[in-house]
Amino acid sequence: MKDLHTAGEHFLNVLKQQFLRVEKMKEQKDFVDYKKLKTIKIGIIKGDGIGPNIVSCAEKVLNAILQEEIEKNIVTIKEIEGLTIENRARLKQSVPDYVLEKIKDCDVILKGPTTTPRKGDNWPQLESANVVLRRELDLFANVRPIKIEEEGIDWVFFRENTEGAYTLGSKGLNLGEIFVDFTVSSVLGTKRIAELAFSYARKTKRKKVSIITKANIIKTTDGSFLEICRDVQKNYPEIEVDDWYVDIAAAKLVDRNSRKDFSVFLLPNLYGDILTDEAAQLQGGVGTAGSANIGKRYAMFEAIHGSAPRMVEEGLSCYANPTSILRAVSLMLFHIGFFEKAEKLEKALDFCTKKDSKVKVTGFKDGATTEEFYSFLMENF
Ligand code: IPM
Ligand code: MG
C-alpha cells in the first residue's frame, strides 16, 4: 500500500512536470532566422564507437564546402568535447552540464552517434544522450528523408521528437510485481509537428501527408495525435491526408506496389523511430540516411544509426559508412540557408553511392574505407 502511495506521488510529479513543459512551449518564439545572425556557430560532437571516424570525414567535407564562409567569419566551426560514454559515465550525467552549456552556445550541431547504456553492460544506466539533447534543446521535429530513385520513392518522415514514449521512458514505475511506463502527447506538441509537416508539404508541392498511429489501441495519446493532425490539415485543403495504423504501415513499406504512393509521413516518436530504420534499410541500410532534429532555437544533425560497438570490437571502424552523417551535413547546410551547397553535396553523394559506383562501402573489409570514400567524394564534388 505504501508503494502504491509513493507510485501515486511519482505520477503526480510526472504530470506536474509535463504541465510545466507545456507552459514553456507556450513561451516559445518563432524559428531562428539564420540570415539575421552575424555568425552561424556550428558545434561538432564526435560521439562514440564509429562516431569519431565518420564525423572526422564529415568535418573535412563541411570545412571544404564552407571554406569561404569560414574565412569571412559568416560561419564558425568548433569541436565540442566531453560527450563520450567514458566521460558521461564518469560524471554520471547523460549530457554533462558543462557540455550542454557549450552546445547551447552554438546555433546548430553536427553530432556523431553516442552510446546508450543498456541493461547488462558495464556502463551506469544513463538516459540516452540523444533523448536528453532533444528534450533540453526542444528539438521537436525529427525530419528524415529517404529516396529510392529506381522506384521513384521520395519520402520525408516528420517524427515527433520530444513526446510519446520517449520523454518519460526513464520515468516508469517498477512496483516489483508490475511495471508501468508512461507515454505523453500534448495539443501544442502535436500541433507544432503537424504544422511543420503540412507546411513542408505545401512548400515542396507534395500532394499527401500520411498520419501513422495505433489510435485503435492507444486511444488517448495516439487518438488525440490523429485528431489534432487532421485538424491542422484543415488549413491545408490542397493537401490530401490519409491515416494508417503503424502495423499495416510497416507492412505497406515492404510492398513495392503500395509504397510508392507515400510521400510525407507524420508520426509520434516511437513509431517514427521504428519506421525510419525500416525505410533507411529499404534505401540501402541505416548507414545511408541522415537525420535532422529541428527546434525553434537550435537544430542538431546526425546519422540515423547508432555507434555500432560491434564494428569497433571487430576492428571494422575504419570501414564505417560515412554516408549517413554526410547526408546530415547536407540537411544542415539546407537548414541554415546554403541551398546550393546542400544540393551539390546531395548530388555528389547520389553519384558516389550509385549501385554501380566504383567505390563501395560495405562496413566490412571487402569494402572501401571511410577515408577512401571521402577521397572519392571530393573527386566528384
Ligand atoms: C534514432 C536512434 C535514437 C532513438 C537512439 C540512439 C536513442 O535510434 O535517432 O532513431 O531511439 O531515437
Ligand atoms: Mg532509431
Side-chain angles (χ1 to χ4, degrees), residues 45-51 54-55 58 83-85 88-89 93-95 109-119 121 123-146 155-172 181 183-185 189 193 212 246 249-250 253 265-295 298-312 320-321 323-329 331-332:
I45 296 172
K46 293 245 160 113
D48 303 310
I50 58 169
I54 57 169
V55 176
L83 205 66
T84 57
I85 182 68
R88 289 182 285 135
Q93 274 193 300
S94 299
V95 179
I109 300 287
L110 181 70
K111 178 187 156 294
T114 41
T115 296
T116 304
R118 53 193 285 175
K119 263 206 160 62
D121 63 20
W123 302 113
Q125 290 311 297
L126 297 171
E127 191 179 9
S128 146
N130 271 44
V131 174
V132 173
L133 284 172
R134 289 168 186 169
R135 191 175 57 225
E136 289 294 327
L137 305 176
D138 202 17
L139 307 173
F140 66 87
N142 193 185
V143 185
R144 299 183 155 175
I146 296 288
W155 297 329
V156 184
F157 288 80
F158 285 79
R159 164 190 176 190
E160 201 295 317
N161 216 21
T162 46
E163 302 199 330
Y166 271 68
T167 192
L168 296 170
S170 296
K171 296 258 160 69
D181 267 315
T183 185
V184 61
S185 72
I193 184 73
I212 314 290
V246 63
L253 290 195
F265 294 83
L266 170 56
L267 62 187
N269 212 336
L270 183 58
Y271 311 140
D273 178 47
I274 297 166
L275 288 198
T276 53
D277 262 17
E278 184 188 359
Q281 193 61 41
L282 294 169
Q283 176 185 258
V286 290
T288 66
S291 168
N293 299 273
I294 313 280
Y298 300 103
M300 182 173 84
F301 300 82
E302 58 185 350
I304 201 175
H305 56 75
S307 59
R310 253 170 297 196
M311 282 187 82
V312 181
N321 193 348
T323 310
S324 188
I325 194 85
L326 289 167
R327 294 274 181 202
V329 169
L331 288 168
M332 174 194 275

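Below, each value reflects all heavy atoms present in this structure, side chains not excepted, and no hydrogens, waters or symmetry copies. Numbering of residues begins at 1 and proceeds along the displayed sequence. Atoms within each ligand, like the ligands themselves, are counted from 1 in listed order.
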Any non-hydrogen protein atom below 4.0 Å of atom 5 (C) of ligand 1? no
Atom 7 (C) of ligand 1: nearest protein contact (heavy atom, Å): S128 OG, 3.3 Å
Can you tell if the side chain of M332 reaches within under 4.5 Å of the side chain of L110, non-hydrogen atoms only? yes
Less than 4.0 Å between a side-chain N and a carboxylate O, is that true for R135 and E163? no
Nearest protein heavy atom to atom 1 (C) of ligand 1, by residue and atom, and its distance? R144 NH2, 3.3 Å
Could you tell me whether the side chain of S324 and the main chain of A289 form a donor-acceptor pair under 3.5 Å? yes
N/O/S atom of D273 under 2.8 Å from the Mg ion (ligand 2), yes or no? yes
Minimal heavy-atom distance between S291 and L331, with the atoms involved, is N-CD1, 3.7 Å
With a 4.5 Å heavy-atom cut-off, do T114 and R88 have their side chains touching? yes
Does the residue R134 have a heavy-atom contact with ligand 1, meaning some pair of atoms that are separated by less than 4.0 Å? yes
For R159 and ligand 1, does the shortest N/O to N/O distance drop below 3.5 Å? yes
Regarding atom 2 (C) of ligand 1: of the candidates V132, N142, L270, D273, which has the closest heavy atom? D273
With heavy atoms and a 4.0 Å threshold, my read on which part of E127 contacts ligand 1 is neither
Close N or O approach (Y166, ligand 1; < 3.5 Å): yes
Will you find, in the side chains of T288 and Q283, an N or O donor that is under 3.5 Å from an N or O acceptor? yes
Is the closest side-chain donor-acceptor distance between N321 and T323 under 3.5 Å? yes
